[in-house]
Amino acid sequence: MLTTRPRGTADILPGQVEHWQYIEDMAVRVCREYGYREIRTPIFEHTELFVRGVGESTDIVEKEMYTFQDRGERSITLRPEGTASVVRAYLENKLYAGPQPVKAYYIGPMFRYDRPQAGRYRQFHQFGVEVFGAQQPAVDAEVMALAMDFYGRLGLNDLELHINSLGCPTCRIVVREKLQQFFKPVLGELCPNCQSRYARNPLRILDCKSTRCTELALEAPTTVDCLCPECRTHFEQVQQYMLDLGIPYVLDKQLVRGLDYYTHTAFEIMSPDIGAQSSVGGGGRYNGLIEACGGPPTPGIGFALGLERILLTLQKRGKLPNIQAGPVVFLVAVGDRAVRESFSLLARLRAAGVAADMDYQGRSLKAQMKYAGKLGVRYAVIIGEDELKRGSVMLRDMDAGGQREIPAGEVIGALKDN
RNA sequence: GUGGAUGUAGCUCAGCUGGUUAGAGUACCAGAUUGUGGCUCUGGGGGUCGUGGGUUCAAAUCCCAUCAUCCACCCCA
């Protein structure tokens, strides 16, 4: 136990962490260009926030939350998703009093007590954005465009974007009734799960992956069939904007998102080659959420993308860049005096902005060279008795294999550009 | 929460139906080359066989439990 990490968590080691930084840097860059600013909220919140924000009847709240009592008897929960926290911060800090809309993004760990499998972990990471205070369909399109742009810049140009509209609460009531009417005669044929969904949330039957349910759902009325005029117009305009932007998408009438708060536009991005957990991101509009959390009626929309799943996709497709993160220069010193000289040269190189390192194991020249090779440095600077006598150093190009002796005073200048 | 597969050296794995000091490749360290990495050769260190019980004269091998990993269901990122 002492030496094993908790189930469903991962250590991100040197060599892998560079890939995370690559993805995160890309997210930051894209967000900046789209006018989104970073927000950092606590990793834990009062349990109540998620119960209200995510929805009591969701799987997340019913069985996946990391909840505990703190020493002050408060019920605390490790955040299972990002939106609720951002909404809370928006309200608590009265950001609604400032210029609207507020466009924010976050990158960080989320926690769900699930059984781990390919692409699913108990601590996982999301990159998400939220827009509060804008109800225009162009915003829906912008948010989806941002997500697709982000994937595209990572080299994932062919991910499938599925979109749907769930309508407003009024439309919901209509679909609900129509669905119940539709499924009533075949209720017995549905999977046990969907039989209970029938009463509670018949929408979810559309989303069921059990083959019989899927077959039956093919002919079922869908949310888009039941949209009120305003919702219909909104959705049509969203699609028009997507067309204008040239972003391909699939109209997926079966798409129903699992979190209760979604209204209007809902979308999901799929990656076909990372196993059963193929969704690499999803989001949608949640016009009632902010009010439900005690704020003024405020439209909202956002998405969350799973960084582990993106990483898996990049890995599967060989799209991860080779990143040389180690030092560029390695100092090879032979003899006590050379070690002392090298140590101070090391400090001067670093001060000049050159990523440099040297041996601290008292290794032989040969072993130091070997180690330098393993580190993958571009240059080795060799200092021994001969060089000390001549006031020079041996500068070796580890890739080319050649080396030349230069005056000690010129080393920093020669390496500075690296 | 449910089901299946798997846990032997840092890593990838072998170890037949239970039988002496548990092996290979690779990685690591050193030497061959007393001032030079990547190739080759030689040598060396490193394993409570996931953990805990049980069966047996004898368990890495059989049984049970437990933990973990992987995959799938469920759900989602």
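All values below were derived from every heavy atom in this structure, side-chain atoms included, with hydrogens, water molecules and symmetry-related copies excluded. Reminder, nothing fancy here: chain letters follow the sequence lines and each chain counts from 1.
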Asker: Measure from the side chain of A:Met369, starting at C-beta and using heavy atoms only, and say which of B:A77, B:U36, B:A68 lies closest.
Answerer: B:U36

Asker: Could you give the NZ-to-P distance, from A:Lys374 to B:G38, as a whole number of Å?
Answerer: 8 Å

Asker: Using whole Å, report how far CZ of A:Arg363 lies from P of B:U36.
Answerer: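 After rounding, the reported distance stands at 17 Å.
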
Asker: Relative to A:Phe111, does A:Arg79 satisfy both conditions: NZ or CZ under 6.0 angstrom from the six-membered ring centre, and within 45 degrees of the ring's axis?
Answerer: no

Asker: With sequence neighbours left out, which residue pairs that include part of residues 275-295 of chain A fulfil the salt bridge (charged side-chain N to carboxylate O under 4.0 Å, His left out) condition?
Answerer: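 Residue pairs passing salt bridge (charged side-chain N to carboxylate O under 4.0 Å, His left out), neighbours aside: A:Asp140-A:Arg285.
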
Asker: Rounded to the Å, how far apart are A:Glu64 CD and B:C73 P?
Answerer: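 So the CD-P distance, A:Glu64 to B:C73, works out to 15 Å.
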
Asker: May I have the step-by-step check of side chain to side chain donor-acceptor pair (under 3.5 Å) for A:Glu130 and A:Tyr286, ending in yes or no?
Answerer: CA-CA 10 Å; A:Glu130 313 289 352; A:Tyr286 43 84; 2.3 Å; yes

Asker: Mind checking who B:C62 pairs with, Watson-Crick or G-U wobble, both distances under 3.5 Å?
Answerer: B:G54

Asker: Please determine if A:Asp397 and A:Arg378 form a salt bridge, counting it only when a charged side-chain N lies under 4.0 Å from a carboxylate O.
Answerer: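 The answer is yes: the pair qualifies as a salt bridge.
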
Asker: Between B:C16 and B:U61, how many Å separate the two P atoms, rounded to a whole number?
Answerer: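 Looking at atom P only, B:C16 and B:U61 are 11 Å apart.
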
Asker: A:Ile205 CD1 to B:C74 P: how many Å, rounded?
Answerer: 15 Å

Asker: Determine the contact category for A:Ala304: base if any of its heavy atoms lies under 4.0 Å from a base atom, sugar-phosphate if only primed atoms, P, OP1 or OP2 are that close, otherwise nothing.
Answerer: sugar-phosphate

Asker: Nearest to the side chain of A:Met394, heavy atoms from C-beta on, is which of B:U36, B:C76, B:C74?
Answerer: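 Closest nucleotide to the A:Met394 side chain: B:U36.
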
Asker: Does anything in residues 268-284 of chain A come within less than 4.0 Å of RNA chain B? Heavy atoms only, and list the residues if so.
Answerer: A:Gly275, A:Ala276, A:Gln277, A:Ser279, A:Val280, A:Gly281, A:Gly282

Asker: Roughly how far apart, to the nearest Å, are B:C28 and B:U69 at atom C1'?
Answerer: 25 Å

Asker: For a quick check of understanding: with a heavy-atom distance under 4.0 Å over all strands, which category does A:Glu81 fall into, base, sugar-phosphate or nothing?
Answerer: nothing

Asker: Counting side-chain heavy atoms from CB outward, which of B:A30, B:U36, B:A77 is closest to A:Arg120?
Answerer: B:A77

Asker: Is the centre of the A:Tyr96 ring less than 6.0 Å from the centre of the A:Phe132 ring?
Answerer: no

Asker: State whether the aromatic ring of A:Phe124 stacks on the base of B:A77, taking stacking to mean ring centres under 5.5 Å apart and ring planes under 30° to each other.
Answerer: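 It does: the ring sits over the base of B:A77.
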
Asker: According to the Watson-Crick and G-U wobble definitions, with both distances under 3.5 Å, which nucleotide is paired to B:C16?
Answerer: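 The base-pairing partner of B:C16, which may sit in any strand shown, does not exist here.
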
Asker: B:G54 and B:U17: how far apart are their P atoms, nearest whole angstrom?
Answerer: 25 Å

Asker: Could you tell me if A:Thr9 and A:Gln123 have a donor-acceptor pair between their side chains, going purely by distance under 3.5 Å?
Answerer: no

Asker: Would you measure the distance from the P atom in B:A30 across to the matching atom in B:C39 and give it in whole Å?
Answerer: 16 Å

Asker: Take atom P in B:A24 and the same atom in B:U42, then report the distance between them in whole Å.
Answerer: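 It works out to 13 Å between them.
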
Asker: In terms of side-chain heavy atoms of A:Arg396, which of B:A30, B:G38, B:A77 is nearest?
Answerer: B:G38

Asker: With rounding to whole Å, what would you report as the distance between B:G52 and B:A60 at their P atoms?
Answerer: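 Between the two P atoms, the distance is 13 Å.
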
Asker: Under 4.0 Å from OP1 or OP2 of B:C73: is there any side-chain N or O of A:Gln117 that close?
Answerer: yes

Asker: What integer distance in Å separates A:Glu405:CD from B:G35:C1'?
Answerer: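 Roughly 12 Å, once rounded to whole Å.
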
Asker: Would you mind telling me which of B:G35, B:G1, B:G37 lies closest to the side-chain atoms of A:Ile382?
Answerer: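 Comparing B:G35, B:G1, B:G37 against the side chain of A:Ile382, the answer is B:G35.
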
Asker: Any chance you could lay out the side chain to side chain donor-acceptor pair (under 3.5 Å) test for A:Ser165 and A:Thr265, step after step, and finish with the verdict?
Answerer: CA-CA 4 Å; A:Ser165 176; A:Thr265 313; 5.5 Å; no

Asker: Can you tell me how far C1' in B:A9 sits from the matching atom in B:G44, rounded to whole Å?
Answerer: 14 Å

Asker: Could you check which of B:C28, B:U2, B:A77 has an atom nearest any side-chain atom of A:Arg115?
Answerer: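 The listed nucleotide nearest to A:Arg115's side chain is B:U2.
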
Asker: Report the base-pairing partner of B:C76 (Watson-Crick or G-U wobble, both distances below 3.5 angstrom), or none.
Answerer: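 Across any shown strand, B:C76 pairs with none.
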
Asker: Does a side-chain N-to-carboxylate-O contact under 4.0 Å join A:Glu142 and A:Lys103?
Answerer: yes

Asker: Consider the side chain of A:Lys370, meaning its heavy atoms from C-beta on, and name the nucleotide among B:C71, B:G37, B:G35 that approaches it most closely.
Answerer: B:G37

Asker: Nearest-nucleotide wise, let me know which of A:Asp399 and A:Ile383 is further upstream toward the 5' end of RNA chain B.
Answerer: A:Ile383

Asker: Take atom C1' in B:C63 and the same atom in B:U21, then report the distance between them in whole Å.
Answerer: 28 Å

Asker: Hey, does A:Tyr121 reach any base, or is it just sugar-phosphate, or nothing, if we go heavy atoms under 4.0 Å?
Answerer: base

Asker: Which nucleotide, in any strand shown, forms a Watson-Crick or G-U wobble pair with B:U69, with both distances under 3.5 Å?
Answerer: B:A5

Asker: Heavy atoms under 4.0 Å, any strand shown: does A:Glu387 hit a base, just sugar-phosphate, or nothing?
Answerer: base

Asker: Is B:U26 paired to anything, Watson-Crick or G-U wobble with both distances less than 3.5 Å, and if yes, which nucleotide?
Answerer: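 Base-paired to B:G10.
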
Asker: Checking contacts here: which listed nucleotide (B:C74, B:C70, B:A77) is nearest the side-chain heavy atoms of A:Arg309?
Answerer: B:A77

Asker: Would you call A:Arg153 and A:Glu33 a salt bridge, using N to O less than 4.0 angstrom?
Answerer: yes

Asker: Have a look at A:Gly335 and say if it touches a base, only the backbone sugar-phosphate, or nothing, with a 4.0 Å heavy-atom cut-off.
Answerer: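 No contact.
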
Asker: Give the C-alpha distance, both sets of side-chain angles, the deciding distance and a yes or no for side chain to side chain donor-acceptor pair (under 3.5 Å) between A:Tyr34 and A:Asp149.
Answerer: CA-CA 10 Å; A:Tyr34 279 73; A:Asp149 200 350; 2.7 Å; yes

Asker: Looking at A:Tyr371, I'd like to know if the NZ or CZ of A:Arg363 sits under 6.0 Å from its six-membered ring centre while staying within 45 degrees of the ring's axis.
Answerer: yes

Asker: Starting at the 5' end of RNA chain B and moving along, which residue's nearest nucleotide shows up first, A:Val334 or A:Thr9?
Answerer: A:Val334

Asker: Looking at every strand, decide which applies to A:Ala380 at a 4.0 Å heavy-atom threshold: base, sugar-phosphate, or nothing.
Answerer: nothing

Asker: Calculate the interatomic distance between A:Arg112 atom CZ and B:G1 atom P; express it in whole Å.
Answerer: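 After rounding, the reported distance stands at 18 Å.
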
Asker: Kindly say if A:Arg7 contacts the phosphate of B:U69, meaning a side-chain N or O under 4.0 Å from OP1 or OP2.
Answerer: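 Answer yes for this pair, as a side-chain N or O of A:Arg7 is under 4.0 Å from OP1 or OP2.
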
Asker: Spell out yes or no: do the side chain of A:Gln368 and the base of B:U36 have one donor N/O and one acceptor N/O closer than 3.5 Å?
Answerer: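 Answer no: no donor N or O sits under 3.5 Å from an acceptor.
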
Asker: Measure CD/A:Glu308 against P/B:A77 and give the value in whole Å, please.
Answerer: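 Going from A:Glu308 (CD) to B:A77 (P), I get 13 Å.
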
Asker: Take atom OH of A:Tyr151 and atom P of B:A77, then tell me their distance rounded to the nearest Å.
Answerer: 11 Å

Asker: Given B:C73, B:A77, B:U36, identify the nucleotide with an atom nearest to the side chain of A:Asp114.
Answerer: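 Nearest listed nucleotide: B:A77.
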
Asker: Among B:C29, B:C76, B:A77, find the nucleotide with the atom closest to the side chain of A:Arg204.
Answerer: B:C76

